[in-house]
Amino acid sequence: MDNKQINSDRDTDNMPGMSAANYQEQDLDQFLDFIIEKAVKIMHARAGSLLLLDQKTQRLYFKVTTGEKKEEVKKFEIKVGEGIAGQVAKTGESLLVQNVKQDSRWSTKISDSTGFQTNSIVCSPMKVGSEIIGVVEIIDKADGSSFQESDVTALTELSEMAAMAIGNARKIEQAKREDRNLQEDLGEKYQIIGKSRAIKKVTEEAFKVAKSKTSALILGESGTGKELLARLIHKAGPRRDKTMVVLNCAALPETLLEDELFGHEKGAYTGASERKIGKFEVADGGTIFLDEIGEMHPGMQAKLLRILQEGIFYRIGGNTSISVDVRVISATNRDITKEVEEGRFREDLYYRLNVVQIKMPPLRERKEDIPLLSEYFIDYFKEERGLATLSISEVATNKLVQYDWPGNIRELGNAIERAVVMGDSREIKPEDLPAFSSKVKNSGMQVGLTLNDALNSFKKDFILLNLNNTGGNRSKAAKIMDIQRTYLSRLISRYQIHDI
Ligand SMILES: Nc1ncnc2c1ncn2[C@@H]1O[C@H](COP(=O)(O)OP(=O)(O)O)[C@@H](O)[C@H]1O
Ligand SMILES: [Mg+2]
């Protein structure tokens with residue numbers, strides 16, 4: 001038996017694939033079965049087995065067995081050093097024993113129990129590097145003749161193949177585990193809290209798109225965690241060490257937005273006393289997060305489309321083209337397809353941004369995450385306020401679960417912060433939570449007002465409500481309403497809010 005023969009045998013049979021890309025545990029099992037069958041066949045043996053070494057217990061267990069007693073044999077374990085197989089696992093050297101009954105190393109444990117009489121054995125070690133991971137053994141020629149040295153050579157080669165397959169599979173498993181650990185670490189750091197199927201699906205998708213430069217569009221109501229997810233995508237991908245720049249497209253009028261995105265040259269317009277580097281340049285090599293993209297003006301949409309198509313742009317007032325490598329993640333709480341249908345959002349831009357779409361589920365659609373999220377916020381505020389104990393009563397948790405959370409996680413976080421302030425610093429009770437069901441006041445809901453007046457009336461009351469809630473603290477109120485503090489101050493003077 002020479003190597004050629006083994007190889008030609010290997011070619012004619014259909015050997016199960018073991019490529020890393022589509023590796024499955026089953027593939028390995030099939031492959032190992034195949035190796036033993038092959039060994040038995042080409043050596044015309046009565047039985048064969050493959051044993052793996054458990055490093056912790058230093059015992060061999062049967063992974064693959066053939067022959068009439070194969071099921072019974074599987075129950076046994078063999079100590080390193082015990083019997084022929086144990087000897088090979090100990091020394092790492094192949095053994096050929098013509099007559100086991102005359103060999104002092106032979107253990108009768110298995111044959112006594114199964115009644116499978118053995119005369120001769122060939123046994124070879126499986127090694128990964130210098131580590132012995134198991135053995136392969138072949139029992140008795142079917143025709144009663146003796147094993148030859150060439151059988152040892154053949155078995156050695158087959159056991160090397162098996163060892164290589166196992167080694168590779170373990171490496172792949174290890175890599176998969178490391179990938180999972182990384183995902184868990186990042187998931188923890190970026191606090192995408194939740195065990196619901198909906199949120200798991202979202203994070204899985206995020207990790208998938210993180211690997212490429214593909215544009216991603218995140219859809220979801222306000223406060224569902226769109227920005228948080230964008231950060232996770234950035235951090236989980238190869239651009240993690242570069243900058244992620246955030247730009248809220250709703251916050252700025254068109255000209256200012258353009259200035260923010262592209263920057264300007266000195267003297268580009270009155271007041272442009274210095275060159276300014278735009279966000280696209282700052283994000284070079286990294287990621288730009290365009291928040292509230294649905295609010296972007298049509299003129300700006302056209303400019304954005306151009307840079308996405310060409311990968312180059314000009315600073316305002318500049319005539320040198322600047323090329324950047326930026327990954328674009330955008331988000332909106334609008335029904336973007338409707339915006340496209342009704343002509344407010346360019347279809348061509350939509351397709352550029354929407355290569356991958358991820359939907360953040362509203363909190364009311366993953367209510368099972370509410371207790372978990374509230375625990376998370378309680379821990380957070382407990383730490384922030386240096387409280388020794390802080391918990392939430394079951395009734396209060398139930399109240400949280402029942403509510404529908406139109407403001408999603410942002411609203412939940414705020415409700416808990418408020419409860420921490422209002423409560424006794426030990427346990428949050430239902431009465432510490434806002435009266436979710438009762439509407440505060442139907443601001444602006446009167447016949448006779450114009451829409452604009454109604455909106456203004458609502459805005460004024462809404463701002464007052466939030467200022468009252470924070471004891472007049474503008475920064476906090478602005479944070480809760482998710483607007484800039486300076487913008488809040490402007491609104492306060494516009495609506496002449498004095499009584500706070
Ligand atoms: N799954 C989550 N786990 C923990 N905190 C979250 C989660 N989702 C959102 N948050 C928190 O809720 C708030 C709103 O999230 P954000 O990403 O700003 O939402 P959006 O951009 O959709 O309005 C942030 O303070 C964020 O940290
Ligand atoms: Mg946001």
Side-chain angles (χ1 to χ4, degrees), residues 183-207 210 216-236 244-252 279 287-296 328-336 353 357-384 392 400-401 403-420 466 470 475-485 487:
Q183 291 195 12
E184 274 162 20
D185 285 357
L186 285 172
E188 223 164 82
K189 180 134 179 250
Y190 289 90
Q191 306 291 8
I192 308 280
I193 306 248
K195 60 177 166 53
S196 60
R197 223 182 318 131
I199 202 73
K200 277 195 182 141
K201 184 164 162 268
V202 161
T203 34
E204 274 164 22
E205 285 169 355
F207 280 110
L217 176 63
I218 306 173
L219 302 180
E221 292 173 13
S222 181
T224 48
K226 296 187 293 295
E227 181 168 344
L228 199 63
L229 191 78
R231 288 188 190 283
L232 176 71
I233 293 175
H234 173 71
K235 277 293 165 190
M244 171 167 136
V245 175
V246 178
L247 190 64
N248 186 325
C249 304
L252 300 168
K279 302 246 169 178
T287 304
I288 192 162
F289 176 54
L290 300 172
D291 202 2
E292 307 204 30
I293 189 91
E295 324 284 317
M296 193 181 255
V328 181
I329 304 177
S330 45
T332 182
N333 54 16
R334 289 206 180 178
D335 180 347
I336 189 83
L353 299 171
Q357 187 181 94
I358 302 184
K359 286 203 179 77
M360 292 305 283
L363 192 51
R364 66 182 168 280
E365 282 175 17
R366 52 181 189 108
K367 280 183 179 272
E368 65 265 49
D369 288 341
I370 293 174
L372 212 65
L373 278 159
S374 33
E375 285 300 328
Y376 160 72
F377 284 120
I378 288 168
D379 281 350
Y380 177 86
F381 292 119
K382 185 174 150 194
E383 189 147 314
E384 194 195 60
I392 180 162
L400 294 177
V401 174
Y403 182 55
D404 267 353
W405 302 105
N408 293 294
I409 300 162
R410 183 176 294 114
E411 187 185 4
L412 175 65
N414 291 331
I416 290 185
E417 181 169 16
R418 181 175 176 277
V420 172
N466 278 285
T470 60
S475 300
K476 273 195 185 158
K479 193 179 143 216
I480 290 173
M481 291 184 280
D482 197 26
I483 57 176
Q484 299 283 326
R485 208 202 101 105
Y487 180 51

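Quantities reported herein were computed from a predicted structural model and do not represent experimental measurements. For the numbers below, each heavy atom of this structure counts, side chains included, while hydrogens, waters and symmetry mates do not. Start at 1 and go down the list; that is how both ligands and their atoms are numbered.
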[X]/[Y] ion pair, N-O < 4.0 Å:
X      : Y      : answer
Glu292 : Arg334 : no
Glu205 : Lys201 : yes
Arg410 : Asp482 : yes

Return the option from Leu412, Leu228, Leu219 holding the heavy atom at the smallest distance from atom 7 (C) of ligand 1.
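Shortest heavy-atom distance from atom 7 (C) of ligand 1: Leu228.
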From atom 20 (P) of ligand 1, work out which of Arg366, Glu221, Lys226 has a heavy atom at the shortest distance.
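Among Arg366, Glu221, Lys226, the closest heavy atom to atom 20 (P) of ligand 1 belongs to Lys226.
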Does the N or O separation between [X] and ligand 1 drop below 3.5 Å for any pair?
X      : result
Leu373 : no
Glu227 : yes
Ile409 : no
Ile199 : no

Indicate whether any N or O donor in one side chain lies under 3.5 Å from an N or O acceptor in the other, for [X] and [Y].
X      : Y      : answer
Asn333 : Glu221 : no
Asp369 : Ser196 : yes
Glu411 : Tyr403 : yes

Taking a cutoff of less than 4.0 Å between a non-hydrogen atom of the residue and any ligand atom, is Gly194 in contact with ligand 1?
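Outside the 4.0 Å threshold, so no.
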Taking 4.0 angstrom as the limit and counting only heavy atoms of Ile192, give me the atoms of ligand 1 inside it, by number and element.
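Answer, ordered by atom number: 1 (N), 2 (C), 3 (N).
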